[in-house]
Amino acid sequence: MKKFKRTTVTAALPYANGPLHIGHVAGAYLPADTYVRYLRLRGDDIVFICGSDEHGVAITLGAKKEGVSPKAFVDKYHNLMKKAFQDFGIGFDIYSRTSQPVHYETAQEFFKTIYDQGIFLEETSDQYYDEQEGIFLADRYITGTCPKCGNTNAYGDQCEKCGTSLSPRELINPRSTVSGNTPVLKPTKHWYFPLDKYESWLKEWIVEGHKDDWKTNVYGQCKSWIDQGLQPRSITRDLAWGIPVPLAEGKGKVLYVWFDAPIGYISATKELKPNDWQKYWQDNDTRLIHFIGKDNIVFHCVIFPSMLKAAGKYILPDNVPANEFLNLEGEKISTSRNHAVWLHEYLEDFPGRRDELRYTLTSISPETKDADFTWKDYQSKVNSELSAILGNFVNRVMVLTWKYFDGKVPSAHELPGTNDHRKRILEKYQQAHNDLNASVKEMISALDDFRFREAQFQMMNLCRIGNKFLADTEPWKLAKEDMEAVSCILSYALTVVGNIAIACEPFLPDTAQNIKKQLNSTGIDTGWNAFWKKAELIEPLPESHQLGKAELLFRNIEDEEIEKQINKLKKPKAVEEVKPESAVKPLKETITIDDFTKLDIRVGTILTAEKMEKSDKLLKFTIDTGIDKRTVLSGIAKHYTPEEMVGKQVTLIANLAPRKMMGIESQGMILMAEDADGKLRLLQPNEAVNPGATVS
RNA sequence: GGCGCGGUAGCUCAGGUGGUUAGAGCGUUGGAUUCAUAACCCAAAGGUCGGGGGUUCAACUCCCCCCCGCGCUACCA
């Protein structure tokens, strides 16, 4: 394995359209922070980079919804996230944002560098432009008359009636479905990144080169993508919010958010290290690590590396330890349903208990598969692991030392094995020492491999071994007969406590500080980091050193506290505060009664229902419409089973042009209500009517 | 439907290249103990290793089929 001189660690740039929840934390930021703390303790040269991702359509839509400017919108969430990270103790070297001037420059320069080599594909096409809204219209936001069959409601990409695929420009009398106005044709040019040209290189670099050192979920996902064949991706958009395309002919266009966002890592590094940022991005002795969630794998493993490769000079990620997702109480975390534990709310509800959340999230870290956070687990981990094992061990050693030695580190001289109980103590000491060193080694090796769950477990193991050592040697019994032995036992127990203070720092930084405070070790801890390089116990405390007061490290979580949290999940938020996405769709353009009467809406009865072969969404029905019995396909397989549909009355558009799907012609469209979560429900008359009943 | 990743004790998870009684932590039960937040220590019970075939002297570990979870993807008019 290659030896690197320094490491650049990035954590996914969170999108600035909502607050952070524990899923974000467990997925990327906590493992990244743990890893970075470990590297720092080891004394490595490292930068830890993050920031808010602030561009893209979703931001402009969110801003519109809140009735503020995009800038004001991202300011709000950027500040919220930045504060939450800070309060939680994620130790970024910099938390920047993609609206920074330095990022504009960097992203534009990056674009230019690739552009100047003639790598981008350019494609100019006339596209419809809505002058009232000031936007270019995507194909399906345009309707008009089909040139082939005269259907007046053909879409920009396809005519429903005759089934031919169209381009918007073929439509006669096009209309914008956004404003209802007639759009004008304007030429627009876009730039494409030829991902396909990097296919063979990606195969070599990932499929062959990282077969063994990348996580299986990451590797599999990449391989799947590469094997499916890559295509050029457009990297510019006609949008007002974003980074302007740095070309004369790119006026009014911006870089696609996915293009500019990862460059944000580089910009933030520049901001942090204006003079030698290149060291962290363009030196082959630097190791680049991206911490992300699984939704970001393709971007960080395939697209961004290809961009870096195209730009030249840049190093490529050495590893991308992506996590899977975190569920909450058995269900997916959902922003719109407010089924989430928000980081800033946790910090308010559990002040001074950051390590408790860190510990729980690391112990269930979704490293190999989706994981589930439950408040009961949280309580159990805090009470029976942190408190009972770690907190208790440190406390009993402290208390014993105060009791027998007035809080001074006792002498650790050789204990002559002159009698049976002393021989036993020596034996137990030897066993503990071997076990402890084995755990330290395993912990460090797990940290090196991004196996944080295991690493943290080994850290706790130090406490378990410590507890066992005390139980095996029973210094409280020996106090009456052999203080020399007690002295040796407690001296060693304190050594273990000191090493725990060191070992727990990547996982439980506050606890590390608390233990150090109790040990009163400020000033004598200069050599402590040798622990990480030697990967074995060090001797942290000199003889006669005066300890601080014993205090409990953790307080148990009571049932009421978690009940409160569970109840909180059950209620949707009363006040609109954390619901960026669930808004109601805007009203469509006004139509006339004539438009409406063109529709022939009927009630029909479902006679038969079956699942379509090879389709996840389509169900195939025979419907008695009163007039005829016809075949209708509908994409509701995720919401209804065929069995429960038979016999039901449904509303359908009976005069919709037939349309072929997966080889079968559908003669009509069943009407469904769709709620904010995308759940579909049937529209039915509230009492049975005869098949063929009209709707008006 | 295609592709990818998972499905191991009540819970969270380990189990290179197949080989004696499948492991750990938490939980449960019993015991011991009192320095400690009834904590700690010891012990026990708990698993047809998603299901079914196959290869093999031998499979949790290899092959095939199926089921379930998650993700990407096609089909949602």
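Each chain gets a letter, A, B and so on, in the order the sequences are listed, and its residues count up from 1.
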Just the atom pairs and distances: protein N or O near nucleotides 25-27 of chain B's N or O, under 3.5 Å.
unit_1, atom_1, unit_2, atom_2, d
G25(B), O2', R464(A), NH2, 3.3
C26(B), O3', S384(A), OG, 3.2
C26(B), O2', S380(A), OG, 3.3

Give me the distances for all protein-to-nucleotides 4-8 of chain B N/O pairs that come in under 3.5 Å?
unit_1, atom_1, unit_2, atom_2, d
G4(B), O2', Q221(A), N, 3.3
C5(B), O3', T216(A), OG1, 3.4
G6(B), OP1, T216(A), OG1, 3.2

Listing time: all N or O pairs from protein to nucleotides 63-68 of chain B that are below 3.5 Å?
none

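With sequence neighbours excluded, the residues satisfying ring pair (Phe, Tyr, Trp, His ring centres under 6.0 Å) with Y378(A) are F350(A), W375(A). For the ring pair (Phe, Tyr, Trp, His ring centres under 6.0 Å) test, residues two or more places apart in sequence or in another chain that qualify with H300(A) are Y265(A), H290(A). In this view, T625(A) and D628(A) satisfy the side-chain hydrogen bond (donor to acceptor under 3.5 Å, both in side chains) rule, not counting sequence neighbours. With sequence neighbours excluded, no residue satisfies ring pair (Phe, Tyr, Trp, His ring centres under 6.0 Å) with Y404(A). Qualifying salt bridge (charged side-chain N to carboxylate O under 4.0 Å, His left out) partners for K620(A), counting only residues two or more places apart in sequence or in other chains: none. Contacts of E329(A) classified as salt bridge (charged side-chain N to carboxylate O under 4.0 Å, His left out), with partners at least two apart in sequence or in another chain: none.
Among the duplex regions that RNA chain B forms, those built from at least three successive Watson-Crick or G-U pairs under 3.5 Å are B:1-7 with B:67-73, B:10-13 with B:23-26, B:28-31 with B:41-44, B:50-54 with B:62-66, ordered by first number.
Counting only residues at least two apart or on different chains, the salt bridge (charged side-chain N to carboxylate O under 4.0 Å, His left out) pairs with a member in residues 471-480 of chain A are K428(A)-D472(A), K468(A)-D472(A), E474(A)-K477(A).
The side chain of R659(A) places an N or O atom within less than 4.0 Å of a non-bridging phosphate oxygen (OP1 or OP2) of C76(B).
In the region residues 465-483 of chain A, proximity to RNA chain B at under 4.0 angstrom, judged on heavy atoms, holds for N467(A), K468(A), A471(A), W476(A), K477(A).
Judged by distance alone with a 3.5 Å cut-off, no donor-acceptor contact links the side chain of N392(A) to the base of U37(B).
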